[in-house]
There are 2 protein chains.
Amino acid sequence: MDAVDRTLVEALRANGRATYAELARLVGLSGPSVTDRINRLEQAGVITGYRAAVDPSTLGLGVTALIGVLLSDAADLDDVARRLKDVPEIEDCWFVAGEESFVLKVRAGDPVGLEKIIGRLGRIRGVARTRTTIALSTKWEARQIPIPAED
Amino acid sequence: MDAVDRTLVEALRANGRATYAELARLVGLSGPSVTDRINRLEQAGVITGYRAAVDPSTLGLGVTALIGVLLSDAADLDDVARRLKDVPEIEDCWFVAGEESFVLKVRAGDPVGLEKIIGRLGRIRGVARTRTTIALSTKWEARQIPIPAED
DNA sequence: TGCAACAGTGGACGCGGTCGACCGCACCCT
DNA sequence: AGGGTGCGGTCGACCGCGTCCACTGTTGCA
């Protein structure tokens, strides 16, 4: 994971469909050696995949919300996490410190859809209460934050 | 935006480096027509780009936190948003309904790094207070949620 | 000094992306 | 009903890219 690798990762974060030839020109190496490095980055788990970035609102998912999940006493964390995974509208799920045990980011088509999701969450065994925060606008999402110099 | 387009979007969300030939075989069309459709999806703003998915912890960004930002009375929303944008560690920024005006998702290398970010946020003009929730573990992130049938 | 391991280079081959020309269909207007 | 138009798709050809393999140069170590 040297400077060349960091450059490659930056370039692929900006454009996941960059050709190996382009990347080779960018870092001043030959094509095969760039291929080697990227394969190694993938196998090391640095690059976990390549995704098309899609605007959810164009797919009819205009509502974004953050939902805090409070558990009942004696709830099984793993069990709740497993049941949360069955709710397809949850895009992100963090286990957090604080009064709330999980924070979820969900997408819905409209407020009615969001209400249905909240209802489903509340019916999960072990979930005591939810606290929903609606995003009125998304200033930005998934911005590329700089890679720290050291490892 | 018909069923074929949805299939293409799903496929490119799963693998952003899929070749047009693969996609053509998948949907049963010729290469050029798939290229046309994808170009149209890009120009329509459905597909906004292609990104390599990177595991932040392998880059030395092991700490994820959600930070709620409370504003002072008479704070200028746009001005605060602009100053938040200058903080590179903020990966997502939503303007939300509720006592907090913004919710941020930030990444830091360690708790000390997070403390520095919180300090910087608190010094932004118009920011009255912040409330930080640390993610102890990420159950999942950026999961592909299904595309609703209708548009 | 000699050997081994590793990273990179260069060339050759096959496949994929791209472009232009053509086709068929649906829609519309008269 | 007929003709025109535009759109979406196919086909074929050319160029460039990805991939594989053999070779090279360097570093580290015995």
Side-chain angles (χ1 to χ4, degrees), chain A residues 1-62 109 142 144 146-151, chain B residues 1-61 142 144 146-151:
Chain A
M1 190 68 202
D2 57 7
V4 173
D5 284 336
R6 271 192 290 273
T7 305
L8 291 174
V9 169
E10 286 286 9
L12 284 170
R13 279 207 299 183
N15 176 18
R17 284 185 82 85
T19 64
Y20 293 149
E22 283 175 63
L23 297 169
R25 284 190 287 270
L26 177 67
V27 298
L29 289 180
S30 67
S33 74
V34 166
T35 310
D36 273 6
R37 281 174 175 269
I38 291 173
N39 286 338
R40 261 176 282 154
L41 286 169
E42 290 169 355
Q43 289 192 328
V46 177
I47 296 175
T48 59
Y50 301 89
R51 308 267 112 88
V54 175
D55 180 350
S57 68
T58 64
L59 298 179
L61 292 168
Q144 295 181 46
I147 300 176
E150 304 301 294
D151 214 17
Chain B
M1 191 68 201
D2 57 6
V4 172
D5 284 336
R6 271 192 291 274
T7 305
L8 292 174
V9 169
E10 287 285 8
L12 284 170
R13 279 207 299 183
N15 176 18
R17 284 185 81 86
T19 63
Y20 293 148
E22 283 176 63
L23 298 169
R25 284 189 288 269
L26 177 68
V27 299
L29 289 180
S30 68
S33 74
V34 166
T35 310
D36 273 7
R37 281 174 174 269
I38 291 172
N39 285 337
R40 263 175 281 153
L41 286 168
E42 290 169 357
Q43 289 191 328
V46 177
I47 296 175
T48 59
Y50 301 89
R51 307 268 113 85
V54 174
D55 181 350
S57 67
T58 64
L59 299 179
L61 292 168
Q144 296 181 46
I147 300 176
E150 303 301 294
D151 212 18

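Below, chains carry the letters A, B, ... as their sequence lines are ordered, and counting in each starts from 1.
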Practice prompt. Work out which heavy atom in Leu61(A) is nearest to a heavy atom in Gly109(A); give both atom names and the distance.
Written response: CD2-N, 4.0 Å
Fill in: Residue pair Pro148(B) / Gly60(A): nearest heavy atoms and the distance that separates them
CG-O, 4.3 Å
Item to complete: Would you please test Arg37(B) and Asp2(B) for side-chain contact (heavy atoms from CB on, under 4.5 Å) and show each step?
Response: CA-CA 10 Å; Arg37(B) 281 174 174 269; Asp2(B) 57 6; 3.0 Å; yes
Practice prompt. State which residues pass side chain to side chain donor-acceptor pair (under 3.5 Å) with Gln144(B); sequence neighbours excluded, sorted by chain then number.
Written response: none
Worksheet item: How about Arg13(B) and Ile47(B): do any of their side-chain heavy atoms sit closer than 4.5 Å?
Response: no
Fill in: Side chain proximity check, Met1(A) to Thr58(B), heavy atoms < 4.5 angstrom
no
Acceptor/donor pairs from residues 17-26 of chain B side chains to any protein atom, 3.5 angstrom cut, sequence neighbours excluded:
{"residue": "Arg17(B)", "atom": "NH1", "partner": "Gly16(A)", "partner atom": "O", "Å": "2.7"}
{"residue": "Arg17(B)", "atom": "NH1", "partner": "Ala18(A)", "partner atom": "O", "Å": "3.0"}
{"residue": "Arg17(B)", "atom": "NH2", "partner": "Ala18(A)", "partner atom": "O", "Å": "3.0"}
{"residue": "Thr19(B)", "atom": "OG1", "partner": "Glu22(B)", "partner atom": "N", "Å": "3.1"}
{"residue": "Thr19(B)", "atom": "OG1", "partner": "Glu22(B)", "partner atom": "OE2", "Å": "3.2"}
{"residue": "Glu22(B)", "atom": "OE2", "partner": "Thr19(B)", "partner atom": "N", "Å": "3.4"}

Item to complete: Name every residue in residues 17-28 of chain A that has at least one heavy atom under 4.0 Å from any atom of DNA chain C, in order of residue number, or write none if there are no such residues.
Response: none
Worksheet item: Listed in order of residue number, which residues of residues 29-50 of chain A have a non-hydrogen atom at under 4.0 Å from DNA chain C?
Response: Leu29(A), Ser30(A), Pro32(A), Ser33(A), Arg37(A), Arg40(A)
Practice prompt. Decide side-chain contact (heavy atoms from CB on, under 4.5 Å) for Val54(A) and Leu59(A); before the verdict, give the C-alpha distance in whole Å, the side-chain angles of both, and the deciding distance to 0.1 Å.
Written response: CA-CA 8 Å; Val54(A) 175; Leu59(A) 298 179; 3.3 Å; yes
Discussion item. With a strict under 4.0 Å distance from non-hydrogen atoms of chain B, what nucleotide opens and what nucleotide closes the contacted stretch of DNA chain D, reading 5' to 3'?
Written reply: dG8(D) to dC11(D)
Worksheet entry | Side-chain (Ser33(B)) to main-chain (Ser30(B)) donor-acceptor, under 3.5 angstrom | yes
Discussion item. Between Thr35(A) (side chain only) and Gly31(A) (backbone N and O only), is there a donor and an acceptor less than 3.5 Å apart?
Written reply: yes
Discussion item. I need the full list of salt bridge (Lys or Arg N to Asp or Glu O under 4.0 Å) pairs touching residues 39-59 of chain B, with sequence neighbours left out, sorted by first then second residue.
Written reply: none
Worksheet entry | Evaluation steps, side-chain contact (heavy atoms from CB on, under 4.5 Å), between Tyr50(A) and Leu12(A) | CA-CA 9 Å; Tyr50(A) 301 89; Leu12(A) 284 170; 4.0 Å; yes
Item to complete: Estimate the overall bend of the helix from dT1(C)-dA30(D) to dT30(C)-dA1(D) from the end axes over five pairs each, rounded to 10 degrees.
Response: 20°
